[in-house]
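Before any comments, here is the structure.
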Amino acid sequence: QVQLVESGGGLVQAGGSLRLSCAASHSNHAMGWFRRAPGKEREFVAAISWSGIRQYVDSVKGRFTISRDNAKNTVDLQMNSLKIEDTAVYYCAAGRSPMIPIINRDWSYWGQGTQVTVSS
């Protein structure tokens, strides 16, 4: 079983930055970040394969950067130019293989989430 622990959430003004971190018990699989805003369904944000291939949802391209350190079993999400609509609980996730899952439901492991609140 893969254990995931997120950290780095908080309150920030629009235009500011936050860096989320996720500590994992294993690194030989794809890692990703999802978020769930109030009143909305959980959505995909970013993912990175074991070899470093990255994917992003269009709304965060150019603003967010996902990275990983396989030696430390960590994955980070650098969030810049934050917008009010980025407010959500952010979840770290791990897939079943080194490659990024094609279907969102194939993400097998989840952290408890960390709150990100962007104010005006």
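For clarity, every value in this text was computed on a predicted model and none was experimentally measured.
Among residue pairs with one or both ends in residues 17-39, those qualifying as salt bridge (charged side-chain N to carboxylate O under 4.0 Å, His left out) are R19-D76, R35-E43, R35-D86; sequence neighbours excluded. Applying the salt bridge (charged side-chain N to carboxylate O under 4.0 Å, His left out) test to every pair with at least one member in residues 20-29, sequence neighbours left out, gives no pairs at all. Pairs of residues two or more places apart, or lying in two chains, never qualify as disulfide (SG to SG under 2.5 Å) while including a residue from residues 30-70. For residues 1-98, the disulfide (SG to SG under 2.5 Å) pairs, not counting sequence neighbours, are C22-C92.
In this structure S51 satisfies the side-chain hydrogen bond (donor to acceptor under 3.5 Å, both in side chains) test together with S49, sequence neighbours excluded. Taking the side-chain hydrogen bond (donor to acceptor under 3.5 Å, both in side chains) definition, one finds that N80 meets it with S17, Q78, sequence neighbours left out. When the side-chain contact (heavy atoms from CB on, under 4.5 Å) test is applied to I103, the partners found at least two apart in sequence or on another chain are R105, D106. When the side-chain contact (heavy atoms from CB on, under 4.5 Å) test is applied to A47, the partners found at least two apart in sequence or on another chain are F44, I100, W107. Qualifying ring pair (Phe, Tyr, Trp, His ring centres under 6.0 Å) partners for W50, counting only residues two or more places apart in sequence or in other chains: none. Y56 meets the ring pair (Phe, Tyr, Trp, His ring centres under 6.0 Å) test with no other residue; sequence neighbours excluded. Residues passing the side-chain hydrogen bond (donor to acceptor under 3.5 Å, both in side chains) test with T114, sequence neighbours excluded: none. Residues satisfying the side-chain hydrogen bond (donor to acceptor under 3.5 Å, both in side chains) criterion with K83, sequence neighbours excluded, are absent altogether.
In plain terms, the two heavy atoms of G32 and I66 that are nearest each other are CA-CD1, 4.3 Å. In plain terms, the two heavy atoms of L18 and G8 that are nearest each other are CD2-O, 3.9 Å. The minimum heavy-atom distance between N73 and S25, with the atom names listed, is ND2-O, 3.9 Å. Between G95 and H29, the shortest heavy-atom contact is O-CB, 3.7 Å. Scanning all heavy atoms of the two residues, the minimum distance from R96 to S108 falls at CB-OG, 3.9 Å.
We find the CD-CG distance between Q13 and L11 to be 8.0 Å, quoted to the nearest 0.5 Å.
When W33, Y90, F34 are each tested for a ring pair (Phe, Tyr, Trp, His ring centres under 6.0 Å) with W110, only one passes: F34.
Annotation for R54: atom CZ counts as buried by contact number, over 12 foreign heavy atoms lying within 6.0 Å. No more than 12 heavy-atom neighbours from other residues, nucleotides or ligands sit within 6.0 angstrom of CD1 on I53. Enclosure of atom CD in Q3 is not indicated, since only 12 or fewer non-hydrogen atoms of other residues, nucleotides or ligands lie within 6.0 angstrom.
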Let me see the working for V75 and S67 under side chain to side chain contact (heavy atoms under 4.5 Å, CB included), right down to the final yes or no.
CA-CA 6 Å; V75 59; S67 61; over 6 Å; no
Begin from the C-alpha positions of V116 and L20 and carry the test side chain to side chain contact (heavy atoms under 4.5 Å, CB included) through to its verdict.
CA-CA 9 Å; V116 172; L20 305 182; 4.0 Å; yes
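A donor-acceptor pair under 3.5 Å is absent between the side-chain atoms of T74 and the main chain of A23, judged by distance alone. Under the 3.5 Å distance criterion, the side-chain polar atoms of Q115 are left unmatched by any main-chain donor or acceptor of G9.
Contact of the M31 side chain with the L4 side chain is registered, since non-hydrogen atoms from C-beta on lie closer than 4.5 Å.
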